[in-house]
Amino acid sequence: MSKNLVIVESPAKAKTIEGFLGSDFLVKSSYGHVMDLSKTQIGVDVENGFEPQYEISPDKKKLIAELKKAAKEAEMVWLASDEDREGEAISWHLFKALGLKENKARRIVFHEITKPAILKAIENPRDIDVNLVSAQQARRVLDRLVGYELSPLLWKKVKPALSAGRVQSVAVRLIVDREEEIRQFQSTSSYKVTASFNALVNDTAHTILAELPERFSTHDVALDFVKSCLGANYTVAGVEKKPGRKSPAPPFTTSTLQQEASRKLGFSVANTMRVAQNLYESGKITYMRTDSVNLSDTALNMAKKEIAERFGKEYVKTRRYTTRTKGAQEAHEAIRPTYLNHPTVSGTAEEQRLYELIWKRTIASQMADAELERTIVDILISTNDKHFVAEGEIILFDGFLKVYLESTDDDNHDAAEGILPPLTNGQTLNLNELLASERFTRHPARYTEASLVKKMEELGIGRPSTYAPTISTIQKREYVVKKDLPGEKRSYQVIRLANNQIKQKKETETVGQEKAKLFPTDIGSLVNKFLEQHFENIINYNFTANVEKEFDDIAEGRTVWNQMISDFYKTFHRQITETTDNAGKFSGEKKLGLDPVSGKNVFVKVGRFGPVVQIGDTESDEKPRFAGLRKNQSMETITLEEALKLFDFPRILGEYEEKEVSVAIGRFGPYVKHNNAFYSLQKTDDPAVIGIERAIELIEAKREKATQSVIREFKQEPELKVLNGRYGPYISFKKKNFKIPKGTDAATLSLKDCMKIIEDPENTPKKRFVKRKS
DNA sequence: CAGTGAGCGAGCTTCCGCTTGACTT
């Protein structure tokens, strides 16, 4: 029995701390929040001061019972959750849920997981900060009211099972707005002039690349300029040298780690977090959900030592970074390796790569600036008054660049500048080639998962622990899809001057390719439009920043939390009732034209199951016909012709084994139907042209696969089979599936063994969704 | 997980922010 019980949020942290403290201390984890509002009800008493109705989270009941027991046996309980709004609330909830007494509980906080820091914290306990808890309560209640009043309104007015919230709806808006900007964007072209020269410097031939600082707006002006260069001489008219410096980027936060892992390693946001969690749990990195760029003193000293040993003393520069991010709470350190003297670790390939990135970034952040020298060379053209400019950059001292260079999202920059040979004033250069190429302005970039996180962080929307889940939610709701675009060919004009001759030609380039970018869907755009019309104040980009200020006031004790919520709710709830009463169905209905066969109107709109084409008016006596849009189609762009084509299904292809074979398009894409069985089409198959031969191929292929997946069959019991599925072997019996206990060899199971497994209630299929009591 | 879409009506869906395993057919 321990005299002291310490409760932290994360089990990995608990394990580390237990090592620091003696046997008088038992360290446990709360696994995050332990109490929350009821999931199935609004959970807030709006009539009575917005009193929250908390309950112990269902998955925490067992844990709370355990903690309660441990608390009873201990002389003192130390509540050591994180030092931020949510952490304070966790301590308060623990206090309540464990039924602690004032004289038997202390609140402590520490910023560094080291023995001295923890001992110091224990010597300096404090009370739970009630104001900070109130601020969290306000945050929680506001999010609940917004989410649980807006979502049902969407079910009624737009489509069932949709959702809206303070964070997710703004994330969707960013993507919808960006797509609209791209649609509105008008590309213009201009002519950019570049030249390459040959020069002999110290008996060595060098190539020098230069550019005209200005651009020409039309082909004619560009051509006139190139013509005016015929027979020209080019001389160096000035060499200017400027010193420059580059500083390293700060250590990683959750958001910057997600961005760099996306750009440098191609990881999705969720993957980055999964891999980082593994590194954290095996003690290799510090906590991965943080908004702080701060490094502990221990880390700073380790970095200093490591850099001096590895690269030399001149590479050391100790830096303390401060966070400027809106709403940062800084309960943790920046993300860094636990031991900075380990540049690599063992683990999976992904773990090694992510770790290396974190190591480099941390080390670089404590290294000296890179010192550069920029050279700008001015080149005169003898036949006109324009100048070429050549720029070069050399590194005098590499500093942190030895280890790490941050990448950018900006793909508009041109080829890297190289080293220029030492040119002298008055030196003549020989023109090798002069090019005037047509260049086009580019639309703003679509968001990647990571660049969306960056933008959300700038707006103060979401927290390190929610970036990845939010991005997955908006995709799961089908507001947004992540996809690639193949790009299109575009031709552009090039005017070339070489050997004193001008030649013009047309070249082609591929533009507009996209890889893993976020696009709004029809539903996403429609829901966004609905919210813009009725709840602009909620999805306004500044809404979160404004309420955060009010939460701060509550935390400081200047505002009473439920007064703030009451003020907010008055307006918000009026908007809800007004929209409920006055707004009609919001389907985005749009008329495409007339059906040439029936002469009826053809519409597109969002129906109960997603975007549909409708032939015939809803109000008419005859029932309208419907067909769902294909996955790659959009209400925005679909034509009448494409819409009518969707009604060509189901199409009868012929007969096979004396049963009809047809092709149709269902909820999950195009499929072949035969004898009441379904066979999905491949991506390369077009349901509009597919024939009976191909359909039979698909049927046979699926049958073949099915026989391969059978591990065991029994003559005595044809309804029982041992099959190989997605998650390994399982038993199928009378259309129900049963898992096979670990350590059992599926291939040697007898019928008796199988029946035993089936009868064991341990192995019965679990219900996917737990039905709630009414 | 598969041919939905009217209208009727029951029963369902939903938020954000803390934390990890559990374990799917």
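Here is how names work: the chains are called A, B, and so on, in the same order as the sequence lines, proteins then strands, and each is numbered from 1. In this text the structure is predicted, and so the values were computed from the model without any measurement.
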So does A/Thr618 get a side-chain nitrogen or oxygen closer than 4.0 Å to the phosphate oxygens (OP1/OP2) of B/dA6?
no
Phosphate-side-chain proximity, A/Ser151 and B/dT13, N/O vs OP1/OP2 below 4.0 Å:
no
If you measure from CZ on A/Arg463 to OG1 on A/Thr290, what distance do you get to the nearest 0.5 Å?
8.5 Å
Which part of the nucleic acid does A/Gln168 contact within heavy-atom distance under 4.0 Å: base, sugar-phosphate only, or nothing?
sugar-phosphate
Give one of base, sugar-phosphate or nothing for A/Gly165, where a contact means two heavy atoms less than 4.0 Å apart.
sugar-phosphate
Contact under 4.0 Å: A/Tyr287 side-chain N or O vs B/dT19 OP1/OP2
yes
Pairwise 5' ranking along DNA chain B for A/Pro469 and A/Asp143, keeping only the more 5' one:
A/Asp143
Measure from CG on A/Leu698 to C1' on B/dA2 and round the result to the nearest Å.
15 Å
What does A/Tyr467 touch in the nucleic acid at a heavy-atom separation under 4.0 angstrom: a base, only the sugar-phosphate, or nothing?
nothing
Could you check whether A/Tyr148 and the base of B/dT14 form a stacked pair, meaning centres closer than 5.5 Å and planes differing by less than 30°?
yes
By the 4.0 Å heavy-atom rule, please label A/Ile665 as base, sugar-phosphate, or nothing.
nothing
Report yes or no: is there a donor-acceptor pair, N or O only, under 3.5 Å between the side chain of A/Arg139 and the base of B/dC16?
yes
Side chain of A/Glu281 - closest among B/dC15, B/dT20, B/dG17:
B/dT20
Distance-only side-chain donor-acceptor flag, A/Gln137 / A/Tyr54, under 3.5 Å:
yes
Could you tell me how far apart A/Lys623 (NZ) and B/dG3 (P) are, to the nearest whole angstrom?
14 Å
For A/Ser680, answer base if it contacts any base atom (sugar-phosphate contacts may also be present), sugar-phosphate if it contacts only those atoms, and nothing otherwise; contact means non-hydrogen atoms under 4.0 Å.
base
How far does the C1' atom of B/dT24 sit from the matching atom of B/dC1, given to the nearest Å?
15 Å
Whether A/Arg166 engages the ring of A/Phe543 as a cation-pi pair (distance to the six-membered ring centre under 6.0 angstrom, angle to the ring normal within 45°) should be assessed.
no
Have a look at A/Phe603 and say if it touches a base, only the backbone sugar-phosphate, or nothing, with a 4.0 Å heavy-atom cut-off.
nothing
Remember a base hit wins even if backbone is also touched, and classify A/Ala164 as base, sugar-phosphate or nothing at under 4.0 Å, heavy atoms.
sugar-phosphate
Modelled atom types, side-chain donor and acceptor of A/Glu9 and A/Tyr287, under 3.5 Å:
no
Side chain of A/Ser10 only, heavy atoms from C-beta on: which candidate in B/dG17, B/dT20, B/dT14 is closest?
B/dT20
For A/Leu681 and B/dA2, what is the distance between atoms CG and C1' respectively, to the nearest whole Å?
13 Å
Honestly, is A/Arg477 close enough over A/Tyr479, meaning NZ or CZ under 6.0 Å from the six-membered ring centre and within 45° of the axis?
no
Count the heavy atoms belonging to other residues, nucleotides or ligands that lie under 6.0 Å from NZ of A/Lys28, then report whether that count exceeds 12.
no
What is the distance from CZ of A/Phe626 to P of B/dG3, rounded to the nearest Å?
17 Å
Between A/Arg608 and B/dC12, is there a side-chain N or O to OP1/OP2 distance below 4.0 Å?
no
Indicate whether OP1 or OP2 belonging to B/dT20 is found under 4.0 Å from a side-chain N or O atom of A/Arg274.
no
From CD1 of A/Ile538 over to P of B/dC15, roughly how many Å is that when rounded to an integer?
15 Å
Is any side-chain N or O of A/Thr466 closer than 4.0 Å to OP1 or OP2 of B/dG17?
yes
Picking from B/dC16, B/dT4, B/dG3, the nucleotide nearest the side-chain atoms of A/Tyr671 would be B/dG3
Need one value for A/Val146: base, sugar-phosphate or nothing, where a base atom within 4.0 Å counts as base even if backbone is also close, heavy atoms only.
nothing
Of A/Lys159 and A/Tyr679, the one whose nearest nucleotide on DNA chain B sits closer to the 5' end is A/Tyr679
Side chains of A/Ser255 and A/Glu457, donor plus acceptor under 3.5 Å:
yes
Quick one: label A/Gln277 by what it contacts on the DNA or RNA (base, sugar-phosphate, nothing), any heavy atom closer than 4.0 Å.
sugar-phosphate
How would you label the contact of A/Pro464 with the nucleic acid (heavy atoms, under 4.0 Å): base, sugar-phosphate, or nothing?
nothing
Whole angstrom value for the distance that separates P of B/dG3 from CD of A/Glu660
15 Å
Mind checking A/Gly462 for me? I need base, sugar-phosphate or nothing, with any heavy atom below 4.0 Å counting as a touch.
sugar-phosphate
Taking atom types as they are modelled, would you say the side chain of A/Lys673 forms a donor-acceptor pair with the base of B/dG3 within the 3.5 Å cutoff?
yes
With rounding to whole Å, what would you report as the distance between B/dA22 and B/dA2 at their C1' atoms?
30 Å
Please state how far atom NE2 in A/His332 lies from atom C1' in B/dG17, giving the value in whole angstrom units.
12 Å
As a test of reading the structure: which of B/dC18, B/dA2, B/dC16 is closest to the side chain of A/Phe678, going by heavy atoms?
B/dA2
Is it true that A/Glu86 and A/His33 share a donor-acceptor pair across their side chains at a distance under 3.5 Å?
yes
Kindly point out which of B/dT20, B/dT19, B/dC16 is positioned nearest to the side chain of A/Arg166?
B/dC16
Any donor-acceptor pair, under 3.5 Å, between the side chain of A/Arg140 and the base of B/dC15, if you only look at N and O atoms?
yes
At less than 4.0 Å, is any side-chain N or O atom of A/Arg463 found next to OP1 or OP2 of B/dC18? Yes or no.
yes
Is there a side-chain contact between A/Gln136 and the phosphate of B/dG17, meaning an N or O under 4.0 Å from OP1 or OP2?
no
Just wondering, do A/Trp155 and B/dT13 stack (centres under 5.5 Å, planes under 30°)?
yes
Is it true that atom CD of A/Glu478 has more than 12 heavy atoms of other residues, nucleotides or ligands lying nearer than 6.0 Å?
no
Between P on B/dT19 and NZ on A/Lys61, what's the gap in Å once rounded to a whole number?
22 Å
So A/Gly43, base contact, sugar-phosphate only, or nothing? Heavy-atom distance under 4.0 Å.
nothing
